2 protein chains.
Amino acid sequence: MTGRRYDPDRRDRIIDACLDLVADVGVAGISHRKVAARADVPLGSMTYHFAGMDELLREAFGRFARTISDGFEQRMSEATDLEGARAAVVAIITQDLFGTQRDLVLTHELYTLAAREPAYRELTNAWMRRSRDALERHFDPVTARLLDALIEGLTIHRALDTEAPLPGSVTEAVRRITMPR
Amino acid sequence: MTGRRYDPDRRDRIIDACLDLVADVGVAGISHRKVAARADVPLGSMTYHFAGMDELLREAFGRFARTISDGFEQRMSEATDLEGARAAVVAIITQDLFGTQRDLVLTHELYTLAAREPAYRELTNAWMRRSRDALERHFDPVTARLLDALIEGLTIHRALDTEAPLPGSVTEAVRRITMPR
DNA sequence: GTTCCATGGGTACGCTCGTACACATGGCTC
DNA sequence: GAGCCATGTGTACGAGCGTACCCATGGAAC
């Protein structure tokens with residue numbers, strides 16, 4: 001019974017450590033050794049639990065995407081009327097959902113992988129499908145898609161833009177996109 | 001006069017090779033040796049022309065961002081009236097500007113770097129500023145920002161979504177965002 | 001034509017990497 | 001309680017890496 005023997009959460013801790021490390025140094029900067037050190041497991045555990053870095057990354061980003069879309073779904077499901085749904089979207093864009101720099105960085109890392117490799121695109125597709133389904137509880141399909149794209153774009157600009165956003169512009173954007181004809 | 005001696009375009013060729021390689025294998029997959037091989041220069045030329053991988057990447061992505069925003073600016077400047085400007089935006093989103101998978105991949109790689117490191121954020125900021133300036137020749141500042149974000153989001157979704165886009169949805173989005181009140 | 005030096009070219013060193021593999025441990029089955 | 005085997009642990013190896021460094025080359029300055 002020496003400390004770490006029989007450690008059922010080990011796989012999970014490795015995945016968490018991997019996400020933390022990717023957030024810190026990027027996919028470009030990770031290695032089995034660094035993840036092992038951060039998760040406080042021996043190097044051998046890496047290849048025992050995961051066939052390779054790719055398998056580990058896919059699981060890690062799968063967990064990440066699920067976490068984010070869970071939050072999205074919950075916020076949208078709390079809205080009871082059109083005005084509430086609009087407010088929820090504004091809140092998601094301006095602060096609530098991607099509250100941390102970490103989440104924004106991880107999102108971009110995932111998109112970058114998805115842009116190149118179909119295996120990761122499955123993750124982003126599932127994420128997008130869930131977002132759209134949540135939006136379609138309140139908006140027609142075309143509006144839901146456009147809102148989803150708008151959220152995407154405004155979130156990215158909020159992350160990368162150093163200039164202050166024009167006040168009220170997010171609310172205005174949601175108003176225009178969801179404006180009944 | 002042995003072949004390669006005095007090769008004034010060498011620096012440029014290295015930068016081009018770097019962009020090609022990043023498009024192929026990602027920032028995570030590059031190395032001095034691989035870039036040198038693709039540019040057909042000896043390994044020593046890498047450290048001679050660039051202080052390190054970071055300097056090379058910054059120059060490469062600087063060139064890439066400038067190329068894309070040049071195209072954006074030109075397309076927007078060709079429009080002479082509101083309808084033309086709207087059509088230009090639709091064209092930029094649906095096919096023209098990010099015509100190749102290569103450009104989309106490189107864009108995401110740049111965003112990922114920018115999300116983490118301020119040096120790269122300067123590049124994306126300059127790019128965004130130019131886009132907005134071009135849009136402000138035809139639209140008011142708030143509309144220009146929202147259009148810019150919409151372009152961003154729809155472009156990403158076009159890149160990552162495997163489901164076919166709803167027909168006419170891009171035109172509809174631009175119409176709603178630019179609709180005069 | 002001599003000198004100088006920016007540029008090109010090759011190589012060796014020390015490091016980190018992923019992976020393989022041999023051995024240890026201890027819960028579970030019987 | 002004996003044996004099995006899933007899991008944990010440590011180490012060694014070969015490959016690829018960035019970098020430093022030395023020599024070669026040949027246009028420019030004078």
Side-chain angles (χ1 to χ4, degrees), chain A residues 1-63 109 112-113 116-117 119-120, chain B residues 1-63 109 112-113 116-117 119-120:
Chain A
M1 186 142 345
T2 62
R4 172 91 0 86
R5 275 269 155 212
Y6 288 84
D7 178 0
D9 298 334
R10 173 162 292 205
R11 235 184 105 92
D12 282 342
R13 272 192 304 121
I14 292 174
I15 292 177
D16 288 339
C18 180
L19 278 179
D20 280 351
L21 197 62
V22 169
D24 277 1
V25 301
V27 171
I30 61 173
S31 72
H32 280 183
R33 284 173 150 87
K34 290 180 188 170
V35 175
R38 185 169 291 221
D40 192 28
V41 300
L43 177 60
S45 283
M46 291 294 127
T47 44
Y48 179 76
H49 287 287
F50 303 93
M53 199 73 254
D54 230 61
E55 184 177 314
L56 173 54
L57 279 177
R58 248 179 291 118
E59 291 215 34
F61 278 112
R63 168 177 305 186
E109 295 280 356
T112 299
L113 291 172
R116 198 185 335 269
E117 294 176 47
Y120 294 94
Chain B
M1 183 129 7
T2 59
R4 172 89 2 86
R5 276 266 154 214
Y6 289 84
D7 177 0
D9 299 333
R10 172 162 296 206
R11 237 185 103 90
D12 282 343
R13 271 192 303 121
I14 292 174
I15 292 177
D16 288 339
C18 180
L19 278 179
D20 279 351
L21 197 62
V22 169
D24 277 1
V25 301
V27 171
I30 61 174
S31 72
H32 281 181
R33 284 173 148 89
K34 289 180 189 171
V35 175
R38 184 170 291 222
D40 193 28
V41 300
L43 178 59
S45 282
M46 291 292 127
T47 45
Y48 179 77
H49 287 286
F50 303 93
M53 199 72 255
D54 229 62
E55 183 176 315
L56 173 53
L57 279 177
R58 249 179 290 121
E59 291 215 34
F61 278 112
R63 169 178 302 185
E109 295 279 356
T112 299
L113 291 172
R116 199 187 331 272
E117 294 177 47
Y120 294 94

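Chain A is the first sequence line, chain B the second, and so forth, proteins listed ahead of strands; every chain is numbered from 1. It should be emphasised that the depicted structure is a prediction, and the values quoted were computed from it without experimental measurement.
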Between D:dA6 (C1') and A:Arg11 (CZ): distance, integer Å: 14 Å
Rounded distance in Å - CG (B:Asp9) to P (C:dG8): 11 Å
Nearest-neighbour nucleotide for the B:Pro42 side chain, C:dG9, D:dG8, C:dG18 considered: C:dG9
Worked check of side-chain contact (heavy atoms from CB on, under 4.5 Å) between A:Leu57 and A:Phe50: CA-CA 10 Å; A:Leu57 279 177; A:Phe50 303 93; over 6 Å; no
Which nucleotide in C:dG8, D:dC17, D:dC13 has an atom nearest any side-chain atom of B:Arg33: D:dC17
A:Met46 CE to D:dG10 C1', straight-line distance once rounded to whole Å: 14 Å
Integer-rounded Å distance: C:dG10 P and B:Leu43 CG: 11 Å
Working for side-chain contact (heavy atoms from CB on, under 4.5 Å), residues A:Asp20 and A:Asp24: CA-CA 6 Å; A:Asp20 280 351; A:Asp24 277 1; 5.7 Å; no
Per A:Ser31 side chain, nearest of listed nucleotides C:dC17, D:dG18, D:dT9: C:dC17
Distance, rounded to the nearest Å, where A:Tyr48 contributes OH and C:dA24 contributes C1': 14 Å
Donor-acceptor under 3.5 Å (A:Arg13 side chain, A:Arg38 main chain): no
Atom-pair distance (CZ on B:Phe50; P on D:dT19), nearest Å: 13 Å
Distance in angstrom units between A:Asp40 CG and D:dG10 P, rounded: 11 Å
Separation of atom CG in A:Asp12 from atom C1' in D:dT7, rounded to whole Å: 16 Å
Electrostatic pair A:Arg63:A:Asp12 at N-O distance under 4.0 angstrom: yes
Nucleotide nearest A:His32 (side chain, heavy atoms from C-beta), chosen from D:dT19, C:dG18, C:dG8: C:dG18
OP1 or OP2 of C:dT7 under 4.0 Å from side-chain N/O of B:Arg10: no
